[in-house]
Protein chains: 2
Amino acid sequence: MSARPTSKPRARRQISEARPYHHGDLRRVLIDAALQLASEGAEVSVREAARRAAVSPGAPFRHFPNRDALMAAAAGEAQRRFRTEIEAALAEAPAADPLLRFRAFGLAYLRWAMRNPAHFEIISTGRYFAHGSSAELTRDNAELIALTEQMLADAAAQGLLRSADLKGIQIAGRALVYGFARMNLDGHFPRWGVEEGEIERMAEAVIDLFIAGIAKR
Amino acid sequence: MSARPTSKPRARRQISEARPYHHGDLRRVLIDAALQLASEGAEVSVREAARRAAVSPGAPFRHFPNRDALMAAAAGEAQRRFRTEIEAALAEAPAADPLLRFRAFGLAYLRWAMRNPAHFEIISTGRYFAHGSSAELTRDNAELIALTEQMLADAAAQGLLRSADLKGIQIAGRALVYGFARMNLDGHFPRWGVEEGEIERMAEAVIDLFIAGIAKR
DNA sequence: CCCAAATGTAATCAATGATTACATAAAGAG
DNA sequence: CTCTTTATGTAATCATTGATTACATTTGGG
């Protein structure tokens, strides 16, 4: 799947021409263009992606059956980056304290969402493609959720939690970070956008407030 | 073009003809059509709204300079209904207990959002129109926020809160309900959609969990 | 009564998602 | 190496949509 049989360029006609007939890896370039467009705040259109790839308007449809499929692929790529960042943060968090790990998860989540709002929107919104359409994305997301469930279960086992309603805590936690991230990209933090660090500090405060709320003391 | 219509029925011109040249109140009808379309899950297009109003595709632009303006007007209408419901709920809540009022606010918020997801999206998303474009909507929203701030301030004054970080609590509360509402309409509650009451019960549980988290005990 | 403003229609444009017929490059069989 | 097959890109085209412009009709004030 991943390894293309990198063939040796036997016919090197493309060097002489400014634009060879066959694009190197159009699929990847289109995905990157879509992510790029999204992060510029622009409408993501198939044609504009094709334009950026210097390719005809119909070419993308050789790689994606429709616009949604392109967006789903872009979402998959974004999700992969998101997950990488989460896991990196968890790798640095102390293995012993589930609540600290929970906190690290939430911080990494919000930090990525603050810094890549358009990518976060593509992943989360279900507006670009039907959410069930990408099995990979669904599975990937389910694994992240399972991670947090495990942390909460560990915390409960260690007697760190005030309430036994783990499901409720988990939903509330998800809603909290999701809501904060979406409020940011939906423009509900009007004046905070100016100073960059302010919003991330607020995110940290909100997460700490939540953890303090669920922790036994 | 033989018989001229009757002399001067000031307000009742549309009764005789099947479709009079002038629509009764096209502006209102277009707004309703837009809301109707949204709640059907369809794409809201100016043309479709015009189609539903049995009017030419260009007619809406006599009432709204562009699509965004129509959506902003629809959002204004939706927000009015939202606020009406919130205030009705607050009117029934006990005046003395700020935390109970806070809870009633959250419940009414989520209940409305669960039952009118498309309307909630139009209000919140900033995707149909620039959020600052409708001063009325901005002011209206600010007043609702001020309401919750007042409740929290009252609660703090009565010594009901565990933390003194009112701003943090307020943002967290907003993020919580906003996130829950958006998770619902973004399709993050996959299997819950089937049974109607389940999701509202979960909403209540989440709100209670939050209130328990911020309350002194 | 008449005219000006408001409001609707018809025609038209540019952009977009999508499809189809055709062109060209790449890969493999012989 | 040559020939065929398949993957991939182009060109042309279509329907839909937001938007604009010229024109038509109604309404209401002077």
Side-chain angles (χ1 to χ4, degrees), chain A residues 3-31 33-34 37 42-74 127-130, chain B residues 1-31 33-34 37 42-74 127-130:
Chain A
R4 232 170 15 110
T6 53
S7 59
K8 26 191 191 262
R10 241 189 357 206
R12 325 208 326 158
R13 277 245 272 287
Q14 60 231 35
I15 293 190
S16 56
E17 286 287 335
R19 213 183 63 174
Y21 193 91
H22 275 73
H23 202 289
D25 186 358
L26 183 54
R27 184 187 162 87
R28 157 65 53 173
V29 172
L30 288 171
I31 291 175
L37 281 171
E43 287 292 311
V44 184
S45 74
V46 177
R47 289 180 108 93
E48 183 59 28
R51 219 168 278 135
R52 300 231 170 164
V55 98
S56 82
F61 292 92
R62 289 289 179 191
H63 297 270
F64 305 98
N66 50 41
R67 189 195 116 111
D68 280 10
L70 167 59
M71 297 310 302
R127 138 184 167 202
Y128 300 109
F129 62 100
Chain B
M1 309 310 179
S2 51
R4 217 172 18 166
T6 54
S7 52
K8 38 188 179 284
R10 270 215 310 239
R12 317 291 309 274
R13 53 211 182 283
Q14 66 248 37
I15 47 174
S16 54
E17 287 287 332
R19 212 184 66 173
Y21 193 92
H22 277 72
H23 202 290
D25 186 358
L26 184 54
R27 184 187 161 87
R28 156 66 53 171
V29 172
L30 288 171
I31 291 176
L37 282 171
E43 287 291 311
V44 184
S45 75
V46 178
R47 289 181 108 92
E48 182 60 28
R51 220 168 277 136
R52 301 230 170 167
V55 101
S56 82
F61 292 92
R62 290 287 177 194
H63 297 270
F64 306 98
N66 51 39
R67 188 194 117 110
D68 279 11
L70 167 58
M71 296 311 301
R127 137 185 168 203
Y128 300 108
F129 63 99

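In what follows, chains are A, B, ... by sequence order, proteins preceding strands, each numbered from 1.
When the side-chain contact (heavy atoms from CB on, under 4.5 Å) test is applied to A:A69, the partners found at least two apart in sequence or on another chain are A:F64, A:P65, A:N66. Residues passing the salt bridge (Lys or Arg N to Asp or Glu O under 4.0 Å) test with A:R27: none are found, sequence neighbours excluded. Residues meeting the salt bridge (Lys or Arg N to Asp or Glu O under 4.0 Å) test with A:R51, sequence neighbours left out: A:E48. With sequence neighbours left out, the salt bridge (Lys or Arg N to Asp or Glu O under 4.0 Å) criterion links B:R47 to no other residue.
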Between protein and nucleic acid, restricted to nucleotides 14-18 of chain C and to nitrogen or oxygen atoms under 3.5 Å apart, what atom pairs and distances do you find?
unit_1: C:dT16; atom_1: OP2; unit_2: A:R51; atom_2: NH2; d: 2.9
unit_1: C:dG17; atom_1: OP1; unit_2: A:V46; atom_2: N; d: 3.1
unit_1: C:dG17; atom_1: OP2; unit_2: A:V46; atom_2: N; d: 3.0
unit_1: C:dG17; atom_1: OP2; unit_2: A:R47; atom_2: N; d: 3.1
unit_1: C:dG17; atom_1: N7; unit_2: A:R47; atom_2: NH1; d: 2.7
unit_1: C:dG17; atom_1: O6; unit_2: A:R47; atom_2: NH1; d: 3.3
unit_1: C:dA18; atom_1: OP2; unit_2: A:R67; atom_2: N; d: 2.7

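Remark: C1' of C:dT7 and CG of B:D25 are 12 Å apart, rounded to the nearest angstrom. A:L26 has its CG atom 19 Å from the P atom of C:dT24, to the nearest Å. Whole-Å rounding puts the A:E43 CD to D:dT17 P distance at 16 Å. Counting to the nearest Å, the C1' atom of C:dA21 and the CZ atom of A:R62 are 10 Å from each other. One interatomic measurement links the two molecules: CZ of B:F64 to C1' of D:dT20, which rounds to 18 Å at whole-angstrom precision.
Considering all non-hydrogen atoms of both residues, A:A53 and A:L26 come closest at CB-CD1, 3.7 Å. Nearest heavy atom pair, residue A:I31 against residue A:A74, reads CG2-CA, 3.8 Å.
Dashed line: the shortest gap from a side-chain N or O of B:H63 to OP1 or OP2 of C:dG8 is under 4.0 Å.
Proximity of B:L37 to B:R52: side-chain heavy atoms (C-beta onward) are separated by under 4.5 Å at one or more points.
Bending across the helix from C:dC1-D:dG30 to C:dG30-D:dC1, expressed as the angle between its end axes from five pairs apiece, amounts to 10° (10° rounding).
Results of the side-chain contact (heavy atoms from CB on, under 4.5 Å) test with B:P60 over B:V55, B:L70, B:V29 single out B:V55 as the only residue that passes.
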